[in-house]
Amino acid sequence: MSFSGRLNLKMDPKGRFRLPSTFASGVSEKDQREGQIHLVITNSIYKGEKCLDVYTESEWELLTQRMSKLPAFDTHVQAFQRFYLASAHKVVLDAQGRMLTPTVLREFAALSANVVVIGMGSKFEIWDEAAWNKVYGDISQNYDEILQAVSRLSQEKDHE
């Protein structure tokens, strides 16, 4: 399963938006029960800009399993768990295919009515449109440098 693409969406005053069909269709059957899609949403930050990360329940389980193998008394691991894992909320799409974003997470990411949903492979992100435009502008300006760094990582992986 893989999420990809970028969509500008409207969030209603209750914090709901319709999950794009391109994303909903990518959710495996094990993350659907009784015809409903089950997801996990949590807070995140990229270069100082706040957003939300959304995983299927099975991807979230893989992440928590990887985290459980890290040293429990390492302060960085504990900080990550307190920030990322402890902020997670399970959500279920309603009958209209809408996802309700919990108030505490909407406030954290300062989401307005205009949001951007971007696919990131095993997860997708929800951004306030203004914050996303800033981040995307920064990425666009540095894309050549980013591309070279990713190419180096790929070459290193190939040599392992």
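As a basis for the values below, the full set of heavy atoms in this structure was taken, side chains included, without hydrogen atoms, waters or symmetry mates. Predicted model, so just to flag it, every value in this text is computed and none were measured.
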Within the distance-only criterion (no hydrogens, no angle test), does the side chain of [X] pair as donor or acceptor with the backbone N or O of [Y] below 3.5 angstrom?
X: Asn43; Y: Phe83; result: yes
X: Glu49; Y: Val135; result: no
X: Arg106; Y: Thr101; result: yes

Does the side chain of [Y] come within less than 4.5 Å of [X]'s, by heavy atoms?
X: Lys10; Y: Asn114; value: yes
X: Arg98; Y: Leu93; value: no
X: Leu39; Y: Met99; value: yes
X: Leu9; Y: Pro20; value: yes
X: Ile41; Y: Trp60; value: no
X: Cys51; Y: Ile126; value: no
X: Ile118; Y: Phe124; value: no
X: Phe17; Y: Leu111; value: no

Minimum heavy-atom separation for [X] to [Y], with atom names?
X: Ser112; Y: Asp128; result: OG-OD1, 2.6 Å
X: Trp132; Y: Trp127; result: CB-CB, 3.6 Å
X: Ser122; Y: Glu59; result: CB-OE1, 3.5 Å
X: Ile37; Y: Gln32; result: CG1-CG, 3.9 Å
X: His89; Y: Ser87; result: CD2-O, 3.0 Å
X: Val116; Y: Asn8; result: CG2-ND2, 3.8 Å

| request: Measure up the Tyr84 and Tyr55 rings against each other and bin them: parallel (under 30°), tilted (30 to 60°), perpendicular (over 60°). | output: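 Taking Tyr55 first and then Tyr84, their aromatic rings stand perpendicular (interplane angle over 60°).
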| task | With rounding to the nearest 0.5 Å, note down the distance linking CG in Leu100 to CG in Asp94. | result |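 Taking CG in Leu100 and CG in Asp94, the distance rounds to 8.5 Å.
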| query | Using a distance-only test with no angle check, is there a side-chain donor-acceptor pair under 3.5 angstrom linking Gln65 and Glu61? | reply |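 A pair is found: one side chain offers a donor N or O, the other an acceptor, under 3.5 Å apart.
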| request: List for me each residue that meets side chain to side chain donor-acceptor pair (under 3.5 Å) alongside Asn133, sequence neighbours excluded, and say none if there are none. | output: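 If we apply the side chain to side chain donor-acceptor pair (under 3.5 Å) test to Asn133, skipping adjacent residues, there are no hits.
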| side-chain hydrogen bond (donor to acceptor under 3.5 Å, both in side chains) contacts in which one or both residues fall within residues 134-150, not counting sequence neighbours |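 Matches after skipping sequence neighbours: Arg6-Tyr136.
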| task | Run the numbers on His38 and Gln36 for side chain to side chain contact (heavy atoms under 4.5 Å, CB included), then give the verdict. | result | CA-CA 6 Å; His38 294 252; Gln36 295 180 312; 4.2 Å; yes
| Which residue pairs satisfy the salt bridge (Lys or Arg N to Asp or Glu O under 4.0 Å) criterion with at least one member in residues 107-126, sequence neighbours excluded? |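 Every salt bridge (Lys or Arg N to Asp or Glu O under 4.0 Å) pair that includes a residue of residues 107-126, provided the two are not neighbours, is Asp53-Lys123, Lys123-Glu125.
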